[in-house]
Amino acid sequence: YVLLSQTKEQYEEIFKLKLIVDCPIISVGYTRGLPEWQRFLDKNKSRYLSGEIEKPFVFFSLNRTNRWLLGEDSTPSDELLKECLLVLKKFNNDIMTVFKPHNNTDMDKVFAIIESTGYKNYIISYLHPWLLSKNAKFTFSYVPSGISVDAHFLGCTTVEYAHYDSRFYKYIKGQSMYLDSVDFFIHKDPKQLEMVLKKLIYEDIKIQREPHKLRNDFPVLSHDEIREAFCRIR
């Protein structure tokens, strides 16, 4: 079987290809949104959230460093990371930063960048990103990140600071490649980033998700609906 979170039509639209297989395709919905998974996180929040993490905090998603991730004329990601930290460090006294490494993150490089900027009031955490997003003031990334999609579903404000290839940036009409999942998209503009951070840190900004749109974009099936989907192809 092929299991998809989306429908076959949505998958083909997203990846711009035809999904041609000789086996059944089953749409199982947005499995990360299953109530049992969320109940588990809520039940064990105090067990996993370290006492070192103080609220309020920003969940900072780390990624690759020293690579052109977003095209030929984009800024290398290590430079973007440093640029972000130089702005965010202005708020070190007012909000903690929780860095969550990706499995491809060069942490030696990250620590060198953190040290070079004089950054403080932070910890490195390997907690599940959902635990961090559910409790953070906002989720931040310096390259496009799928974590923004999950944070959007959870109701956590999302910020992306990036620098896309000029042709791609024009093609997507100056928006994040994750579209509505990113609440604040800043395209390599430190002054704009500082303005957004001031609002998010010092003002009580509530980003409202439209329930109907969430249900359409993130279909969460019941156990019976998932079971029925498997039974239909027998």
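Just so you know, these numbers come straight off a predicted model, no measurement behind them.
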Is any side-chain heavy atom of [X] less than 4.5 Å from a side-chain heavy atom of [Y]?
X	Y	result
Lys82	Leu86	yes
Lys120	Asn93	yes
Thr75	Glu83	no
Tyr164	Met177	yes
Thr31	Trp37	no
Lys213	Asp180	yes
Lys8	Val2	no
Val159	Val58	no

To the nearest 0.5 Å, how far apart are [atom1] in [X] and [atom2] in [Y]?
X	Y	atom1	atom2	answer
Arg47	Leu131	CZ	CG	11.0 Å
Ile226	Leu34	CD1	CG	5.0 Å
Ile207	Phe184	CD1	CZ	4.5 Å
Asn92	Thr117	CG	OG1	8.0 Å
Phe111	Ser116	CZ	OG	13.0 Å
Ile114	Met107	CD1	CE	6.0 Å

Given Leu127 and Ile53, is the side chain to side chain contact (heavy atoms under 4.5 Å, CB included) satisfied, shown in steps? CA-CA 11 Å; Leu127 282 175; Ile53 299 179; 4.0 Å; yes
For the pair [X] and [Y], name the ring-plane relationship: parallel under 30°, tilted 30 to 60°, perpendicular over 60°.
X	Y	answer
Phe99	Tyr122	perpendicular
Phe218	Phe153	tilted
His187	Phe185	tilted

Going by an N to O cut-off under 4.0 Å, is there a salt bridge joining Glu194 and Lys191?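 Lys191 and Glu194: not salt-bridged.
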Between Arg209 and Asp183 (salt bridge meaning N to carboxylate O under 4.0 Å), is one present in this structure?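 Yes, this pair counts.
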Within a 6.0 Å radius of atom [atom1] on [X], are there more than 12 heavy atoms belonging to other residues, nucleotides or ligands?
X	atom1	answer
Tyr171	OH	no
Glu203	CD	yes
Glu115	CD	no

Where [X] and [Y] come nearest, the two heavy atoms and their spacing:
X	Y	answer
Ser27	Gln6	OG-O, 3.0 Å
Lys100	Phe59	CB-CE1, 3.2 Å
Glu12	Leu19	OE2-N, 3.0 Å
Ala229	Ile26	CB-CG2, 3.8 Å
Thr139	Ser133	OG1-OG, 3.3 Å
Pro101	Leu62	CA-CB, 3.9 Å

Would you please test Gln38 and Lys134 for side chain to side chain contact (heavy atoms under 4.5 Å, CB included) and show each step? CA-CA 10 Å; Gln38 297 211 50; Lys134 284 172 77 75; 3.3 Å; yes
Between Ser166 and Asp73, is the side-chain hydrogen bond (donor to acceptor under 3.5 Å, both in side chains) condition met? List the steps. CA-CA 7 Å; Ser166 57; Asp73 63 357; 2.6 Å; yes
Single-linkage hydrophobic cluster, 4.5 Å side-chain cutoff, [X] and [Y] together:
X	Y	value
Leu200	Met195	no
Phe91	Phe60	yes
Val182	Leu179	no

Within the 3.5 Å criterion, strictly below it, is a donor on Asp165 or Ser74 matched to an acceptor on the partner's side chain?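 Their side chains do not contain a donor-acceptor pair, so the 3.5 Å distance test is not met.
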Modelled atom types, side-chain donor and acceptor of Tyr119 and Thr97, under 3.5 Å: yes
Please step through side chain to side chain contact (heavy atoms under 4.5 Å, CB included) for the pair Phe57 and Lys137, ending with a clear verdict. CA-CA 6 Å; Phe57 70 88; Lys137 195 167 183 66; over 6 Å; no
Please check this pair: side chain of [X] against backbone of [Y], looking for a donor-acceptor N/O pair closer than 3.5 Å.
X	Y	answer
His102	Arg64	no
Glu79	Pro76	no
Thr158	Ser181	yes
Ser141	Val143	yes

Any chance you could lay out the salt bridge (Lys or Arg N to Asp or Glu O under 4.0 Å) test for Asp42 and Arg39, step after step, and finish with the verdict? CA-CA 5 Å; Asp42 291 338; Arg39 281 195 294 269; over 6 Å; no
Mind running side chain to side chain contact (heavy atoms under 4.5 Å, CB included) on Tyr30 and Asp217 for me, showing each step along the way? CA-CA 9 Å; Tyr30 186 63; Asp217 293 344; over 6 Å; no
